[in-house]
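To keep things clear, I will list the structure first and then write my remarks on it.
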Amino acid sequence: MPCYGWAPVPVVLNPEQSAAVAHRGSALLVLAGAGTGKTRVITHRVAALLDEGIPPWRILAVTFTNKAAEEMRARIDRLCEGRHATKEIWVGTFHSICARLLRRFGQPLGLSPHFTIYDTADSTAVMTKVLEALDVSDKLFTPRGVLGWIDRAKNRGLGPGELDALGVIEPVRSVVAKAFAAYQARLLAANGADFGDLIVHTVALLRAAARPRETAGQQLAGDDPVRALLHRFQHVVVDEFQDTNPLQAELVDRLASHAELCVVGDDDQAIYGWRGADVDQILRFADRHRGTHVVRLEHNYRSTGLILRCADAVIRRNAGRLGKTLWTDAGDGDPVRVLELPGEREEARLVAHEIRHAIDDGASPDQFAIFYRTHAQSRVLEDALRTAGLGVRIVGGVAFYERAEIKDILSYLVVLLNPDSDAHLGRILNRPARGIGNTTIDRLAALATARGTSLWQVLPAAREAGLGAAACKKIAGFVALIEQLRERVAALPLDALVAEVVERTGYRESLVLDGDEESMGRLENLQELLGNTEEFLSEHPGATLSDWLEQTSLVGGERGEGPRAQAVTMMTVHSAKGLEFDEVYLTGMEERVFPHARVLEDPVQMEEERRLAYVAITRARRKLTLTMVARRRIYGQLQPGTPSRFVLDLPREALATAAARPRPQPVVERPAPRTPAWNEDVVYDAAPEIALEPDELEGFHAEVDGGVALFVGMHVRHKDFGIGELVGWSGAGRQLKFNLRFARVGLKTILARFCEPV
DNA sequence: TGTTATTGTGTTTTT
DNA sequence: CACAATAACA
């Protein structure tokens, strides 16, 4: 992830940052507010360690997202400028680091080096089979629900027999326990691991290696490489520590068992509680590590004063926080805007329209970001941006890699490396249709179960499964196809291999023969997959199939074409964590959207939602616009929208108003020095004094006349006066009047029908 | 056995 | 409203 535009970051580290960089000799906890130079501290710390002579391979840096890992590596490289072999530093996400370790050392656990990482869809497919076999009510036990319990168990390091700790009540507990065990057995037999397993298995390895040798078994004795791993790292740095779950915390502790540990985090940005993350990890860190040194970073270098005021107004209403207050010396900056529009199309058009104009005036597209709470909101926005001729880059999104045709081809690729992966083999056996029907597959699966082997193993024995000659012939053809392709894996470069799979399996041909619109779309998607593969190969020369599969399962994707600098970025607020942009549009600021309908009843989740809003606001450097709509389509039904409580929490003097009220001066003031709240009782901020009443928002309402969304600040052309800025309006229809400010003639009130939108 | 129509069904967020 | 799972068809 590049650095977006300018940043008013001082050349020299401030005293707190320096302290965090320089501290040695005990565990270090850096409590770093948004935009306070957290990544800077980490990268400088790593660079300093290298300068002190620590070998790069003895340093480990862990992040949560691949974007963060990429950026961190890039910044370390830049800082070290060829002075050190930075390639040898281990930088990665929890999951990628664990996958790497398991490929190398996972054999004792039953994982071969080419084990398959199961994504959510793969796991669901397996669990569906498991529940069918258990013959339990599929109303009461959905694959998703059971997997949810299993995931929660894994996040806390619990096995099928330890579900009590989760507080699962009885009929559920025993069913989940059975399903859990059966699911793990299937995954292991298929040489597969789901996301949670990556951590679970790695911790198991490290636990075993840490035990005294006599109990650890033969193969772990002596020059055990895993044991060596425990001594490998001298320094471990963990970013976004507030989002670790208990098992990940154990993983960190073990990897750092002979290292100095530095964790960086912000309790106000903990937004992954639903995934098992537990802020307690950060709260209890000092208890687990004696002599922990704590550094707090509160000086914000990212955002302007009024943006920070808004952020503070939102987050201060949370009770359970350590209580930081960000401050800046950057000045107020532009007021934050709140705009209401009639519907989501208008909302999208407004955003597109404004960005279009800014770009026409010379702004760079990558300065802009559009955030939303859920992916479902992205579609309308994407359409509007494309209509406005803007390049779009969508992070995550209605995942490209989850589309049927993509999953099919990727399943072929998985099978080429790991034919025992039943879930993937079962998926492609008859895709494209080659006359291997469900009954055939069911019988083969039954035989595999009876023999305790994988599906692939029984394919040559199709006859013994009671199948007719025709079916056997087709199976044999399929086996031959896969085996031919397997021979090509080592022979072809990655992109050629993928192309060959699309071709030789007859997949492309079947789509071409179909010829309808949908199939054409699928063909395009396959083309895009090929493009992504080529891009990956050029970024990672010599990458193997294994590398590519890991990338697709762990990294997910970005959608959009063209160079990044030419595109506006769209993403969920969750994906935005850790990033920053000059100008941010935060859309869908309505109750039931953000905060999401599902959290309204639960105060704990509501606090997380509030932190999410805080994260969103603090991404903006210079300009922040919040939009909300009067009516939104949910479930295909028009639903009235009410302003988000987070909007109502904003201090009115930080907002742009229709009446262009004189702007007050106060920035967030430097807070009085406070004794560190660390490990004491939580500090509660004083009650907020200013907040918006719902009716105060009226001045912001935008309206639509003739299909054009109106909003304060938009530009309008008049044939005599030229271009003017809209400062307000009155009336409606033919009587709609604009209050406009023109550069030459100043303020004018003009009938709207004499003006046209620019 | 494979394709198509219909009826449910359900939606946060991610590695 | 979309999409998936099911039912009815060819």
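These values consider heavy atoms only, across backbone and side chains, with no hydrogens, waters or symmetry-generated copies.
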Polar atom pairs between nucleotides 7-10 of chain C and protein, under 3.5 Å, N or O only, would you list them?
none

Give me, pair by pair, the N or O atoms of the protein and of nucleotides 2-4 of chain B that are less than 3.5 Å apart, along with how far apart they are.
residue: B:dG2; atom: OP1; partner: A:Gly435; partner atom: N; Å: 3.4

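We find that CD of A:Glu240 is positioned 13 Å from C1' of B:dT14, with the value rounded to whole Å. If you measure from atom CD1 of A:Ile117 to atom C1' of B:dT14, you get 15 Å, rounded to the nearest angstrom. Rounded to whole angstrom, the span from the CG atom of A:Leu198 across to the C1' atom of B:dT14 amounts to 14 Å. Rounded to a whole Å, the CZ atom of A:Arg379 is 11 Å from the C1' atom of C:dC3. Following rounding to the nearest Å, A:Glu609 (CD) and B:dT12 (P) show an atom-to-atom distance of 12 Å. Rounded to an integer number of Å, the gap from CG of A:Asp602 to P of B:dT12 is 15 Å. In this structure, the CG atom of A:Asp122 is 16 Å from the P atom of B:dT15, given to the nearest Å. In this structure, A:Leu251 places its CG atom 18 Å from P of B:dT15, rounding to the nearest Å.
Phosphate proximity of B:dT14 to A:Thr572: present, with a side-chain N or O under 4.0 Å from OP1 or OP2. Residue A:Arg275 places no side-chain N or O under 4.0 Å from the OP1 or OP2 atom of B:dT14.
Take A:Phe141 and apply the ring-ring contact (aromatic ring centres under 6.0 Å, His included) test, not counting sequence neighbours, and it matches no residue. Residues forming a side-chain contact (heavy atoms from CB on, under 4.5 Å) with A:Thr39 (at least two apart in sequence, or on another chain): A:Thr43, A:Arg75. Not counting sequence neighbours, the partners of A:Glu344 by the side chain to side chain donor-acceptor pair (under 3.5 Å) test are A:Arg632. Residues passing the side-chain contact (heavy atoms from CB on, under 4.5 Å) test with A:Ala99, sequence neighbours excluded: A:Ile117, A:Leu198, A:Glu550, A:Leu554. A:Asn245 is linked by a side-chain contact (heavy atoms from CB on, under 4.5 Å) to A:Asn155, A:Leu247, A:Gln248, counting only residues two or more places apart in sequence or in another chain. Applying the side chain to side chain donor-acceptor pair (under 3.5 Å) test to A:Ser575 and every residue at least two apart in sequence or in another chain returns A:Thr572. For the side chain to side chain donor-acceptor pair (under 3.5 Å) test, residues two or more places apart in sequence or in another chain that qualify with A:Asp267 are A:Lys324. Looking at residues two or more places apart in sequence or on another chain, you find no side chain to side chain donor-acceptor pair (under 3.5 Å) involving A:Thr642.
A:Ser575 comes within contact range of the sugar-phosphate backbone alone, with a heavy-atom separation under 4.0 Å but no base atom that close. Counting any heavy atom pair closer than 4.0 Å across all strands shown, A:Phe64 reaches sugar-phosphate atoms only and no base atom. At a threshold of 4.0 angstrom between heavy atoms, the contacts of A:Gln605 include nucleobase atoms, whether or not backbone atoms are also involved. Within 4.0 Å (heavy atoms only), A:Arg144 reaches sugar-phosphate atoms of the nucleic acid but no base atom.
Heavy-atom minimum distance, A:Ala576 versus A:Arg619: O-CD, 3.3 Å.
Nucleotides B:dT13 and C:dA4 have their P atoms positioned 15 Å apart, rounded to a whole Å.
The backbone N or O of A:Phe241 lies less than 3.5 Å from no partner atom in the side chain of A:Gln281, so there is not a single donor-acceptor pair. Panel note: side chain A:Thr244, backbone A:Ala249; no donor-acceptor pair is recorded below 3.5 Å.
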Q. Could you write out DNA chain B as a dot-bracket string, with dots for unpaired bases, | for bases paired across to another strand, and Watson-Crick or G-U pairs counted at under 3.5 Å?
A. ||||||||||.....
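Sorted by first and then second residue, the salt bridge (charged side-chain N to carboxylate O under 4.0 Å, His left out) pairs involving residues 123-137 of chain A (not counting sequence neighbours) form an empty list.
At a threshold of 4.0 Å, the pair A:Arg611-A:Glu608 counts as salt-bridged, since one of the basic side-chain nitrogens sits closer than that to a carboxylate oxygen.
For B:dT15, the base has a donor-acceptor partner in the side chain of A:His95 [N/O atoms by modelled type, under 3.5 angstrom]. You'll find a donor-acceptor pair under 3.5 Å spanning the side chain of A:Arg373 and the base of B:dT13, going by distance alone.
Both A:His574 and A:Ala471 lie near DNA chain B, and the one whose nearest nucleotide falls closer to the 5' end is A:Ala471.
Taking a centre distance below 5.5 Å and an interplanar angle below 30 degrees as the stacking criterion, A:Trp274 stacks against the six-membered base ring of B:dT13.
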